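Structure record follows, encoded as structure tokens.
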Amino acid sequence: MTYRELPPPPDLAGHVQCLWSWQGESGGAPERIVPDGRCEVLLQLGDPYEEQGEDGAFSEQPRAMCSRMARWMSRFSSGTSASAKTFHP
């Protein structure tokens, strides 16, 4: 996975902590993501990513979402890319 983080434009800095993007790699293994409790708006580009549920099964996630990550998650992101913004708490 390739992850890139950028500061927000000055006019958004009072509300947005950062802008970020990531690109999954073909044939990659599931990745464990640490929750940070921040609200994010995410737009998936390319193949949809899959999130592993508590039962161990992976399910496809929406292409666009706004949510707060409040628990650990395992994500399979082969062939996927996304862009997002993370808001200040």
Side-chain angles (χ1 to χ4, degrees):
M1 174 180 85
T2 302
Y3 176 81
R4 183 175 171 201
E5 191 171 296
L6 300 168
D11 58 336
L12 296 178
H15 303 286
V16 176
Q17 177 183 341
C18 68
L19 306 174
W20 59 266
S21 64
W22 58 267
Q23 174 71 47
E25 298 173 7
S26 294
E31 301 160 309
R32 192 157 177 134
I33 310 297
V34 179
D36 63 8
R38 303 259 163 84
C39 184
E40 297 179 321
V41 174
L42 180 129
L43 176 61
Q44 288 190 62
L45 312 165
D47 297 337
Y49 80 89
E50 296 181 339
E51 182 178 328
Q52 189 173 25
E54 293 180 15
D55 62 357
F58 282 88
S59 61
E60 192 173 292
Q61 298 301 300
R63 289 207 173 266
M65 65 183 93
C66 178
S67 66
R68 182 179 66 84
M69 195 168 150
R71 63 176 176 81
W72 284 89
M73 77 176 210
S74 290
R75 173 174 61 197
F76 187 73
S77 58
S78 178
T80 267
S81 62
S83 291
K85 64 175 82 171
T86 301
F87 293 93
H88 290 294

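Owing to the predicted nature of the structure, the values given are computational and were not obtained by experimental measurement.
Transitive grouping of hydrophobic side chains (ILVMFWY, heavy atoms separated by less than 4.5 Å) brings V41 and L19 into a common cluster. No continuous path of hydrophobic side-chain contacts links L6 to W22 [ILVMFWY only; heavy atoms under 4.5 Å].
Taken to the nearest 0.5 Å, the CZ atom of R38 stands 14.0 Å off from the OG atom of S67. The distance from the CD atom of Q17 to the CZ atom of F87 is 11.0 Å, given to the nearest 0.5 Å. Here L43 contributes atom CG and S81 contributes atom OG; the two are 9.0 Å apart, rounded to the nearest 0.5 Å. We find the SG-NE2 distance between C18 and H88 to be 9.0 Å, quoted to the nearest 0.5 Å.
Screening residues 57-66 for side-chain hydrogen bond (donor to acceptor under 3.5 Å, both in side chains) gives S59-Q61 as the qualifying pairs, with residues at least two apart or on separate chains.
Between L42 and A84 the shortest heavy-atom distance is CA-CB, 3.9 Å.
Counting heavy atoms from C-beta on, the side chains of Q23 and R4 never come closer than 4.5 Å.
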